[in-house]
Amino acid sequence: MATNPQDRQSGQSSLAKKETLLFTGASGFLGRNTIPLLRERYAITTLGRSQGNGISTDLSKEQPPLTTRFDLVMHAAGKAHDIPYTASQANQFFDVNVQGTINLCHALERVGVPRALVYISSVAVYGGDEGKDITEDAPLAGTIPYAKSKIQAEQFLQQWCREHNVALGILRPALIVGSNPRGNLRAMIQGIRAGRYVHIAGGHARKSALMASDIAQLFPLVVENPGIYNICDDTYPSFAELGQIIARELGRPEPRSIPYWLAYRLAKIGDLMGSKAPLNSRKLRTMTRTLTFSNAHARTTLHWTPTPVLHSTIIS
């Protein structure tokens with residue numbers, strides 16, 4: 001079928017109107033789950049360590065070789081999840097999350113700063129193992145290297161964006177659910193698949209969670225309404241509820257539960273085993289204490305409605 005020249009012109013004009021977006025950390029978990037959705041609205045250039053990116057670079061070691069100005073930046077590159085057991089491993093969080101952010105911003109200065117930058121931080125900045133409906137006004141009391149590096153990166157960006165008149169949005173997501181997740185959710189999925197995962201004391205502890213696709217929905221809203229936002233679902237799934245959904249999607253039996261006293265003894269043994277232990281005191285605290293965050297600021301200011309995690313597909 002022949003294409004009307006006016007239709008071609010209209011399509012080209014529509015494409016030309018797309019704002020340019022630099023997405024860092026594009027080959028990571030968040031990039032894989034959000035870039036396909038963001039491409040519908042933005043002309044995206046990806047930046048990451050793998051060769052498949054539009055710009056291949058290691059932000060922790062160098063300033064990226066940018067050659068053009070971007071209208072917007074989504075800074076999702078970062079190091080997370082790993083538990084450091086040496087000073088060198090702890091320093092990697094600061095190399096990637098802090099120095100990587102500094103290197104990115106210096107490169108942006110050379111080609112012209114964007115009108116807005118959105119940084120993917122974490123609720124880990126608040127610190128602590130338990131709490132309910134924690135808001136953005138809570139003290140930044142995180143003490144682990146990951147949390148401290150995120151706090152420092154936030155502080156640097158706040159100063160840099162003020163000095164360069166760049167609108168800054170900071171998103172602090174809770175547990176992110178999406179295709180091929182990392183961290184504790186990945187371990188939970190693998191454990192249920194292998195029949196090795198067990199709940200502790202019934203799995204009643206609750207955690208805030210967020211569907212990864214919601215960040216693509218949030219990005220344009222935050223660009224126009226800069227600020228700091230906790231982002232999570234309205235409801236707080238328990239470990240038991242998550243385990244039930246994952247088991248159903250995998251076609252596996254629902255996880256059994258062991259009493260707290262037994263888990264406590266196993267965790268103490270795990271403390272002696274090091275990083276390879278399936279359970280240690282830190283993991284025990286995470287799995288038995290409720291930790292939830294308030295999304296009221298994001299809902300009210302951004303007029304955003306989160307996707308219900310418990311009514312979504314978790315595995316893919």
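The neighbour count for R265 CZ, taken as heavy atoms of other residues, nucleotides or ligands under 6.0 Å away, does not exceed 12. Within a 6.0 Å radius of NZ in K79, other residues, nucleotides and ligands contribute more than 12 heavy atoms. Within 6.0 Å of CZ on R299 lie more than 12 heavy atoms contributed by other residues, nucleotides or ligands.
Of the possible polar contacts, none joining the N33 side chain to the G178 backbone as a donor-acceptor pair under 3.5 Å is found. Without hydrogens or angle criteria, T24 side chain to A77 main chain gives a donor-acceptor distance under 3.5 Å. At distances below 3.5 Å, not a single donor-acceptor pair connects side-chain atoms of N97 with backbone N or O atoms of K150. Side chain of T301 to backbone of A298: no donor-acceptor contact under 3.5 angstrom is found. At least one donor-acceptor pair under 3.5 Å links the side chain of R69 to the backbone N or O of V113. The closest donor-acceptor contact from the side chain of T292 to the backbone of D133 lies under 3.5 Å. A side-chain donor-acceptor contact under 3.5 Å links S294 to the backbone of A296. Between the side chain of K283 and the main chain of A267, no donor-acceptor pair closer than 3.5 Å is present. Under a 3.5 Å cut-off, the side chain of Y119 and the backbone N or O of R172 do not form any donor-acceptor pair. Within the 3.5 Å criterion, the main-chain N or O of F293 finds no donor-acceptor partner in the side chain of N230.
A chain of hydrophobic side-chain contacts below 4.5 Å, direct or via other Ile, Leu, Val, Met, Phe, Trp or Tyr residues, connects I189 to L310. The same ILVMFWY cluster, assembled from side-chain heavy atoms under 4.5 Å apart, contains both L175 and I192. Criterion: ILVMFWY side-chain heavy atoms under 4.5 Å apart, direct or through other members. Under it, L30 and V309 are not part of a common hydrophobic cluster. Side-chain heavy atoms closer than 4.5 Å link hydrophobic residues (I, L, V, M, F, W, Y) into clusters, and following such links, even through other members, never connects L291 to V177. L242 and L284 end up in the same hydrophobic cluster when Ile, Leu, Val, Met, Phe, Trp and Tyr side chains are linked at under 4.5 Å.
For the atom pair L22 CG and L104 CG, the distance stands at 6.5 Å (nearest 0.5 Å). Here the OG1-NZ distance, from T143 to K148, works out to 7.5 Å after rounding to the nearest 0.5 Å. Between atom CG of residue L302 and atom CG of residue N225 there is a gap of 5.5 Å, rounded to the nearest 0.5 Å. The CD atom of Q63 sits 6.0 Å away from the NE2 atom of H106 when rounded to the nearest 0.5 Å. Here the CD1-CG distance, from I314 to L185, works out to 7.0 Å after rounding to the nearest 0.5 Å. Taking CD of E62 as the start and CD of Q99 as the end, the distance is 12.0 Å to the nearest 0.5 Å.
The pair R289-D129 counts as a salt bridge, with a side-chain nitrogen and a carboxylate oxygen less than 4.0 angstrom apart. Taking a cutoff of 4.0 Å between a charged side-chain nitrogen and a carboxylate oxygen, E19 and R41 do not qualify as a salt bridge. A salt bridge links R206 with E241: the closest approach of a Lys/Arg side-chain nitrogen to an acidic carboxylate oxygen falls below 4.0 angstrom.
Side chain to side chain, T46 and N53 meet the donor-acceptor criterion of an N or O pair below 3.5 Å. No side-chain donor-acceptor contact under 3.5 Å links T313 and E249. A donor atom on one side chain and an acceptor atom on the other are not found under 3.5 Å apart for Y197 and R256. Checking S281 against D271 by side-chain atom types alone, a donor-acceptor pair falls below 3.5 Å. Between the side chains of S60 and D95, no donor-acceptor pair is found at a separation under 3.5 Å. Of the N and O atoms on the side chains of Q190 and R196, not one donor lies less than 3.5 Å from an acceptor on the other residue. Under the 3.5 Å distance criterion, with hydrogens and angles disregarded, no donor-acceptor pair is assigned to the side chains of Q155 and Q159. There is a side-chain donor-acceptor pair under 3.5 Å between D214 and T307. Between the side chains of H297 and T135, not a single donor N or O lies within less than 3.5 Å of an accepting N or O.
Side-chain atoms of H75 and T101, non-hydrogen and from C-beta on, do get closer than 4.5 Å to each other. By the 4.5 Å heavy-atom criterion applied to side chains, L168 and Q158 are counted as neighbours. Using a 4.5 Å heavy-atom threshold, the side chains of V223 and L72 count as touching. With contacts defined as side-chain heavy-atom distances shorter than 4.5 Å, the pair I102/L59 does not qualify. Counting heavy atoms from C-beta outward, H164 and L108 have side chains that stay 4.5 Å or more apart. Inter-residue side-chain proximity for L21 and F70 is flagged as unmet; no heavy-atom pair is nearer than 4.5 Å.
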Q) Would M188 and I246 satisfy side chain to side chain contact (heavy atoms under 4.5 Å, CB included), going step by step from the backbone distance to the final call? A) CA-CA 9 Å; M188 186 178 187; I246 293 168; 4.1 Å; yes
Side chain to side chain contact (heavy atoms under 4.5 Å, CB included) evaluation trace for I170 with Y229: CA-CA 6 Å; I170 295 176; Y229 301 96; over 6 Å; no
Practice prompt. Apply salt bridge (Lys or Arg N to Asp or Glu O under 4.0 Å) to the pair R285 and E130, showing each step before the final yes or no.
Written response: CA-CA 9 Å; R285 289 193 300 271; E130 60 185 327; over 6 Å; no
Could you go through the side chain to side chain contact (heavy atoms under 4.5 Å, CB included) check for E154 and V125 one step at a time?
CA-CA 10 Å; E154 283 191 15; V125 297; 3.9 Å; yes
Problem set entry | Test log, rule side chain to side chain contact (heavy atoms under 4.5 Å, CB included), inputs L266 and Y264 | CA-CA 5 Å; L266 293 173; Y264 180 84; over 6 Å; no
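Exactly one of L171, I120, V123 qualifies for a side chain to side chain contact (heavy atoms under 4.5 Å, CB included) with I231. That residue is L171.
K61 is linked by a side-chain contact (heavy atoms from CB on, under 4.5 Å) to D58, counting only residues two or more places apart in sequence or in another chain.
Ring geometry, Y42 versus F219: the interplanar angle exceeds 60°, so the pair is classed perpendicular (tilted spans 30 to 60°).
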